*Asks:* 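Here it is, the structure, as structure tokens.
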Amino acid sequence: MADEAATVAPHASIPSGDNSVWADVSPLLQAASQDLQEGELIHGDNFNLFAAMSALEIMDPKMDSGMVCTYYSLDEAIENGAAPVPISEDKTIDVRCTIDIMDHLLACEATWHKGHSLAQTVYACLYLLRPERTSSHALLHSYCKVIRATCNAILSVVSDARTHEEEDLFTMAYGLPLCGDGDEKCLSLLNAVEETISRQLRACKASSSKRRVSEDIEPLQDNSDLEEGYCRALLCRLRFRKHFYHLLMSMKRPQGRGLELARKHIASCISEIDHIQKSSEFLRTSAYGMCDQNIDTTASGCQPIGFDASLNCRLSAPTPPRSIKILCWEKALEYFIKLLQDLDIVCSYSLDPSLEAALHFVVKFQKSQPDLVSRAHLQLLLVQDGKLYGRDSMLSMITRAAGLPEVTENHDIEKNEFMMQLGQLVINLLKILCTNTAWQRRKLGKMLQDWRVIYVQLEMAFKKKFEEASTTSNTKKICFKIYQHILAWVEEKTYWIAFRFLSLGFELELYSFHDYCMVYWYIYVVLIKLAEKKHLRMAMSSDAAKKKAKKKKDSLKDAEMDHHIPAAVLFLQSQIYLAEGLSMMFAAMRNEHRIVPLQSPFNTEHEIFIQQFELLQKACVPDHISYVTFKESTSHANLSTLAICDYFKEAQRIAKEVKSSFANDSDTMAELRGVEQVAERNSIALNVCRVGALDPKLKISFAFSHHPFFATAIVKRS
Amino acid sequence: MAEEEAKEGVGVNSEGSDSVSRVKKLLFRRMLVGIKDGRFFLGSFYCIDKQGNIILQDTVEYRSTRQSSPSPMEQRCLGLILIPSSCRTSCHVDSSIDEQFSLLSLQRTSPR
């Protein structure tokens, strides 16, 4: 056995030392192995087990990129006929195989969008790696061209938006031929091919209905029974690509000018996907018996020709060595439908010139869990050239959001350095809101400190201004107003960010059941601040508006108006009661030993508090809030205190009351309904608990069945 | 801790074994290991366990650029690698001719 191996060794090409030879030690090693005890190692004095653990394991598909694959180089693969042009001399087989390639490329493209590298997905196609080789095959050539152009367009959108930090494999395209010669003209070639095939389709329909056969048109392939099916299958695939490329180009137009057109292409894409799905049956039956048909990335089930994912591992350095699983064809189509639907939501946005509307839109858009590509498109639409939608300057958007009176439009507020910084901060906020939830949460948390710093800086700058302008009383007034409005708005946004930071933790499942008490408590203190600031700002804005119309109205009515709390604040109020109620409920259950506190050897409750809210605490959001205040406010909670129940009742009452103000706002209505339901159920659950306080069989659990982050209590008798 | 145990292990349990002490003498020598897919690894012998898995240091990988012709050899540096015994097909050390005979003689006398 050992001798055989020795004869295989290429001693000639790998030199041993001078005056020495390669001596076979396999038998010796085997003998030693037998003598060794289990778990025993032979090693030198400098051996370090920790270092040994980091050794690269040969033949492990996840670590060893050098594993010998089918082909050693692209040239060798092509010489061996791995990617022939034409694919087959038989035209019917050639068409069938071309469709398989198209299908597999679509599956690869979806897999790429989902976060894998381009080199292992789309560019596993050998035809794409040598763009010039396909030029004699119009159908394949045009398809490859449009694929390259599409990948290039999407790559630039994602890298421009930089929403991909977590999915950094996405934009890695080093060494791949992304731009072939004349790819920018891909559509004209695609149109020509589409035109030819639709003529062939018409011709075959004419001949089948025994009408005059048009002699001048050569059929797509030789089997007349399959002609119509193949023509149709190809047409929907080509048209999908055409509309998809058009869609990307329209979305790229500045200031959202192409959105309307983009929506038309989205509709066309979705209808072509429907045709593609329907072509599957024909393709499966026509390929029956011609191949194994156990491949899931093509409609026909046949193995596509011309793909080798392992080749790029050897060719381009940044290709990750691990092998990946390409999405199946059905899943790929599902992905594209979802992508198109998400892009349609982006395109249907009204580009409302209001910062609040834009923020609200992104948050709502994120609820459908859109993927990277659509998020990147949204971000590029929102922020272009440092302006909202590339149209409205950030500063004017901020002053409008802050509800500043019209007089300030000509004021030199724009020259203020800190206002410029605030503008940049808002741009960053918009960008961060477009990233994936995990990344978003971390960035939002870190951003809080910047918002606090800018608040202090603005406050100082405005104070200085205020002193300077003390000469004339009119400018003094205006300065004071600006100062108040902007600062109130900055604070409101800071708490809004903190609230989103906390609620995203539920979506990411970062809180354990034992942390709920402190999380709801923190949500409660943040919401109180948010409501307070919002109320303040709204009162100031309505004040300013009222002063304009003051001459007409009598002052008595004005005083009455002041006591009216705006609906948006009431909505927050209902959430405040709900959060407080939940926090107290958890605290009461803990205090009465209904929840066994987690006895972790690693973290005390105090440490967990710091870990969960470190970023908020660092930014002092809100001020004077610490673990001690949390402990003080929750240590006396108990189930028998009726007050707890009132939190939920109050939340329910306010939610019900405020509904009428949001009749036209379906999202807020849904949100309110959720709050109302959670409050109602928790109120009942709490009553049951209180009545059966001594019943040890009563088990309380929590679920997020009515609201994404306000838990609903479920009481069961076990 | 595991490291300490392993160190002790060699000394205590297999002290009597002739082959184990011979293998110990091979440590840090240049070793050429061939594996199933046709590649060769040349590195300094660092460690071996009971199962025959070998760790090499400062390793260079050799492979053919084409399947049809075994040479010219392409090479790249890999550093510290673990070669599982399951994929190992050959194993040689760089040795003088005299030493090769002594290794061969051991091959005959070693218990199978």
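Chain identifiers are assigned alphabetically (A, B, ...) following the order of the sequence lines, protein sequences preceding nucleic acid strands; residue numbering begins at 1 within each chain. Note that the coordinates shown come from a computational prediction; the quantities given were computed from them, not determined experimentally.
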*Asks:* Side chains of B/V93 and A/W22: closer than 4.5 Å at any heavy-atom pair?
*Replies:* no
*Asks:* If we define contacts as heavy-atom pairs under 4.5 Å, which of A/A51, A/S33, A/A23 has the most with chain B?
*Replies:* A/A23
*Asks:* Within the structure provided, determine whether A/I58 and B/L78 are in side-chain contact (heavy-atom separation under 4.5 Å).
*Replies:* yes
*Asks:* So, taking the atom named CE in A/M53 and the one named CG in B/L80, what distance separates them when rounded to the nearest 0.5 Å?
*Replies:* 12.0 Å
*Asks:* Shortest non-hydrogen contact from B/I81 to A/A55?
*Replies:* C-CB, 3.8 Å
*Asks:* Count the heavy atoms belonging to other residues, nucleotides or ligands that lie under 6.0 Å from NZ of A/K325, then report whether that count exceeds 12.
*Replies:* yes
*Asks:* Of all heavy-atom pairs between B/S90 and A/S26, which one has the smallest distance, and what is that distance?
*Replies:* C-OG, 4.1 Å
*Asks:* Can you tell me how far apart NZ (B/K50) and CG (A/D35) are? Round to the nearest 0.5 Å.
*Replies:* 7.5 Å
*Asks:* Restricting to non-hydrogen atoms, name the atom on B/F28 and the atom on A/N46 that form the minimum distance, rounded to 0.1 Å.
*Replies:* CZ-OD1, 3.4 Å
*Asks:* Give the C-alpha distance, both sets of side-chain angles, the deciding distance and a yes or no for side-chain contact (heavy atoms from CB on, under 4.5 Å) between A/L28 and B/L26.
*Replies:* CA-CA 11 Å; A/L28 172 62; B/L26 296 179; 3.8 Å; yes
*Asks:* Which distance, rounded to the nearest 0.5 Å, do you find between the OG of B/S19 and the CG of A/L36?
*Replies:* 8.0 Å
*Asks:* Roughly how far apart are A/S20 OG and B/R30 CZ, rounded to 0.5 Å?
*Replies:* 7.5 Å
*Asks:* Quick check on the interface: out of B/V60, B/I48, B/T59, who has the most heavy-atom pairs with chain A under 4.5 Å?
*Replies:* B/I48
*Asks:* Go through A/F47 and B/L27 one step at a time and tell me if the side-chain contact (heavy atoms from CB on, under 4.5 Å) criterion holds.
*Replies:* CA-CA 11 Å; A/F47 182 79; B/L27 283 168; over 6 Å; no
*Asks:* Only pairs of heavy atoms separated by less than 4.5 Å count here; which of B/I97, B/D49, B/V33 has the most with chain A?
*Replies:* B/D49
*Asks:* Below 4.5 Å, heavy-atom pairs only: which of B/V23, B/L42, B/D94 has the largest tally toward chain A?
*Replies:* B/D94
*Asks:* Measure the spacing between CD1 of B/I83 and CD of A/E57 and express it to the nearest 0.5 Å.
*Replies:* 10.5 Å
*Asks:* Among residues at least two apart in sequence or on other chains, which ones pass disulfide (SG to SG under 2.5 Å) with B/C87?
*Replies:* none
*Asks:* Take a 6.0 Å sphere around CD of A/E89 and say whether it holds more than 12 heavy atoms from other residues, nucleotides or ligands.
*Replies:* no
*Asks:* For a quick test of reading the model, state the closest non-hydrogen atom pair linking B/Q51 to A/E38 and the distance between them.
*Replies:* NE2-OE2, 2.9 Å
*Asks:* With a 4.5 angstrom heavy-atom cut-off, which part of B/I35 approaches chain A: side chain, backbone, both or neither?
*Replies:* side chain
*Asks:* For the CG atom of A/D24 and the SG atom of B/C91, what is their distance to the nearest 0.5 Å?
*Replies:* 7.5 Å
*Asks:* Any idea which of B/G79, B/G52, B/P84 has the most non-hydrogen atom pairs under 4.5 angstrom with chain A?
*Replies:* B/P84
*Asks:* Would you say B/F45 and A/V25 make side-chain contact, with heavy atoms under 4.5 Å?
*Replies:* no
